[in-house]
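Remarks on the structure that follows.
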Amino acid sequence: MTFMPQSQNAVDPVKLEKLAEVAVKVGLRLQKGQDLVVTAPVVALPLVRLITKQAYQAGAGLVSAFYSDEETTLSRYQYGSDESFDRASDWLYEGMAKAYANGAARLAVAGDNPLLLSEQDAGKVGRANRATSTAYKPALEKISNFDINWNIVSYPNPSWAKVVFPDDPEPIAIAKLARAIFAASRVDVDDPIAAWAEHNANLAKRSAWLNGERFASLHFKGPGTDLTVGLADGHEWHGGASTAKNGITCNPNIPTEEVFTTPHALRVEGHVSSTKPLSHQGTLIDNIQVRFEGGRIVEAKASRGEEVLNKVLDTDEGARRLGEVALVPHSSPISASGILFYNTLFDENASCHIALGQCYSKCFLNGATLSQEQIKAQGGNSSLIHIDWMIGSDKVDIDGLRPDGSRVAVMRQGELA
């Protein structure tokens, strides 16, 4: 008899197999002979094994998996030397960047405990995050510039499930989170591949309308928010499937409900309040309120995690400027579920959002041909970080402002106008 942990019994194996198939065939569209680099929490091993099987069945070259572990991470904060928090495994990230430069695809399995480091020293958390961001930059540039096909999916980690469903016994919490992940990822239907094709077509229509309008800026107005986000010169909206510079069309995020583009780093004015908590590197940052002048955050507050937020903003010059703005209807399936996931991959797809830091070069007309200098000249931001946080709700209106100053209703009470 084989012993099966309760947590594993709580996850439908058929739907988990479908999620692995979607990750490889829709998320990555992995090519024959292409290597794959996978990162995941060690508890997500059942999903990684299925992804690996699907990848090799699709003709993958070499699949290499790297695992993180919550207890190992906590041991560093409990017993690690103070100077160790200014270091990161740069050799590992350099290796990943080299793999991507050689054509490998990247797949990340998300699912860490969003509160893992909430009781740890905020100074050490901030220093470790900065060191990791610096070391990871060579790999991040390959991803944010869409040099490669990449994808993120999620696994119902027990500790994450207990944060989302704190009143339920662990097996029930895991089962609930698993069902929510499967529904949001569109793998709870008979033909997930076809469902994703239809969804991508709908997101492409939204992007096409916005690209036809060529707005100069977006104006967000709602409780605690009066924000004008200038859009980069020659910006381009994207949503759903995107074609990377290597010619492969992939769905970077599973799930996704957003259409997004690049703001102008120097043309953001006003104030904005978050509408959902931000889970960042094991710390929860809640009730964020920031004020922009000349595109730069000049004032930032939070009711929880404020010290970590300000350390994030001090990562580099670009950390206080925007690299992304995204539109998501309040009626999106993830929002309609009523679940607060404490995970940006899901919560950002329940709400309009903005991202601090690095822009996507993909979100420019002819972005694949632009140099970093040209992207900067057109308003694209550069940073070691890229952190999304949610600013939309059913109480937020958005207008598109044309170059002549005329306004077009884009969203009313959180819905597409």
Side-chain angles (χ1 to χ4, degrees), residues 39 88 93 108 110-118 122 125-137 139-141 143-145 150 152 154 220 227 229 252-253 256 258 260-263 265 268 272-292 295-326 328 340-363 380-392:
T39 58
Y93 301 125
D112 288 324
N113 178 358
L115 303 181
L116 181 66
L117 302 180
S118 59
V125 173
R127 288 160 59 197
N129 288 344
R130 179 182 175 84
T132 299
S133 295
T134 302
Y136 191 56
K137 188 173 185 180
L140 177 63
E141 287 178 340
I143 297 165
S144 62
N145 291 334
W150 57 274
I152 307 175
S154 290
F220 293 75
L227 183 73
V229 178
N253 289 350
T256 185
E258 65 178 327
F260 59 97
T261 195
T262 296
V268 183
V272 62
S273 299
S274 65
T275 52
K276 291 180 182 290
L278 166 63
S279 175
H280 176 64
Q281 304 283 17
T283 302
L284 203 65
I285 307 173
D286 201 5
N287 295 315
I288 300 171
Q289 295 176 300
V290 302
R291 182 168 60 86
F292 287 87
R296 186 175 185 272
I297 292 175
V298 295
E299 184 180 359
K301 298 185 293 183
S303 64
R304 178 176 182 175
E306 183 174 309
E307 185 177 355
V308 172
L309 172 64
N310 280 292
K311 288 186 181 300
V312 166
L313 295 175
D314 289 337
T315 301
D316 55 24
E317 168 58 24
R320 288 181 176 268
R321 301 181 185 274
L322 296 185
E324 179 190 345
V325 59
V328 180
L340 179 61
F341 286 87
Y342 299 95
N343 179 301
T344 301
L345 178 63
F346 288 82
D347 291 334
E348 73 170 3
N349 285 299
S351 167
C352 294
H353 54 274
I354 51 180
L356 304 171
Q358 180 66 38
C359 75
Y360 291 123
S361 61
K362 177 72 179 175
C363 292
N381 192 35
S382 177
S383 176
L384 294 170
I385 67 168
H386 180 95
I387 301 173
D388 300 90
W389 52 286
M390 289 56 77
I391 64 169

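Values in this document were obtained by computation on a predicted structure and should not be read as measured data.
Atom OG1 of T283 and atom CG of L117 lie 5.5 Å apart (nearest 0.5 Å). Summarising the geometry, atom CD1 belonging to I285 is positioned 7.0 Å from atom CD1 belonging to I387; distances are rounded to the nearest 0.5 Å. Distance check: S382 OG to E317 CD gives 10.5 Å after rounding to the nearest 0.5 Å. Taken from CZ in R321 to CG in L313, the straight-line distance is 12.0 Å, to the nearest 0.5 Å. To the nearest 0.5 angstrom, E306 atom CD is 9.5 Å from Q289 atom CD. Taken from NZ in K276 to CG in L278, the straight-line distance is 12.5 Å, to the nearest 0.5 Å.
H353 places a side-chain N or O within donor-acceptor distance of the main-chain N or O of E348, the cut-off being under 3.5 Å. The closest donor-acceptor contact from the side chain of N381 to the backbone of G357 lies under 3.5 Å.
Listed here is the closest heavy atom pair of M390 and S351: CB-OG, 3.6 Å. The shortest non-hydrogen separation linking A131 to A88 is O-CB, 3.5 Å. Of all heavy-atom pairs spanning R304 and S118, the tightest one is NH2-CB, 4.3 Å. Nearest heavy-atom pair across C359 and T262 is CB-CG2, 3.8 Å. Of all heavy-atom pairs spanning A135 and Y93, the tightest one is O-CB, 3.4 Å.
In this structure, I288 and K301 have side chains that are not in contact, with every pair of non-hydrogen atoms separated by 4.5 Å or more. Proximity of D388 to E324: side-chain heavy atoms (C-beta onward) are separated by under 4.5 Å at one or more points. Using a 4.5 Å cut-off on side-chain heavy atoms (C-beta onward), H280 and N129 make contact. The closest side-chain heavy-atom distance from N253 to W150 is below 4.5 Å.
Remark: F292 pairs with no residue by the ring-ring contact (aromatic ring centres under 6.0 Å, His included) rule, at least two apart or across chains. With sequence neighbours excluded, no residue satisfies ring-ring contact (aromatic ring centres under 6.0 Å, His included) with W389. Taking R291 as the reference, E293, E299 meet the salt bridge (charged side-chain N to carboxylate O under 4.0 Å, His left out) condition, with sequence neighbours excluded. Take F220 and apply the ring-ring contact (aromatic ring centres under 6.0 Å, His included) test, not counting sequence neighbours, and it matches no residue. With sequence neighbours excluded, no residue satisfies side-chain hydrogen bond (donor to acceptor under 3.5 Å, both in side chains) with N113. Every residue two or more places apart in sequence or in another chain that forms a side-chain contact (heavy atoms from CB on, under 4.5 Å) with P263 is listed here: V229, L322, V325. Evaluation of the side-chain contact (heavy atoms from CB on, under 4.5 Å) rule for N349 yields T256, E257, E258, I334 as partners, not counting sequence neighbours. Scored by the side-chain contact (heavy atoms from CB on, under 4.5 Å) test, S154 finds A110, W160, I181, N343, L345, F346 as partners (sequence neighbours excluded). The salt bridge (charged side-chain N to carboxylate O under 4.0 Å, His left out) check on D286 picks up nothing, with sequence neighbours excluded. For R127, the salt bridge (charged side-chain N to carboxylate O under 4.0 Å, His left out) partners are D82, D86, not counting sequence neighbours. Evaluation of the side-chain contact (heavy atoms from CB on, under 4.5 Å) rule for A319 yields T315, D316, S383, I385 as partners, not counting sequence neighbours. By the salt bridge (charged side-chain N to carboxylate O under 4.0 Å, His left out) test, E307 is found to be paired with no residue, residues two or more places apart in sequence or in another chain being considered.
The ring of Y360 has its center closer than 6.0 angstrom to the ring center of H386.
For the residue pair Q281 / D112, no side-chain donor-acceptor distance below 3.5 Å is found, with atom types taken as modelled.
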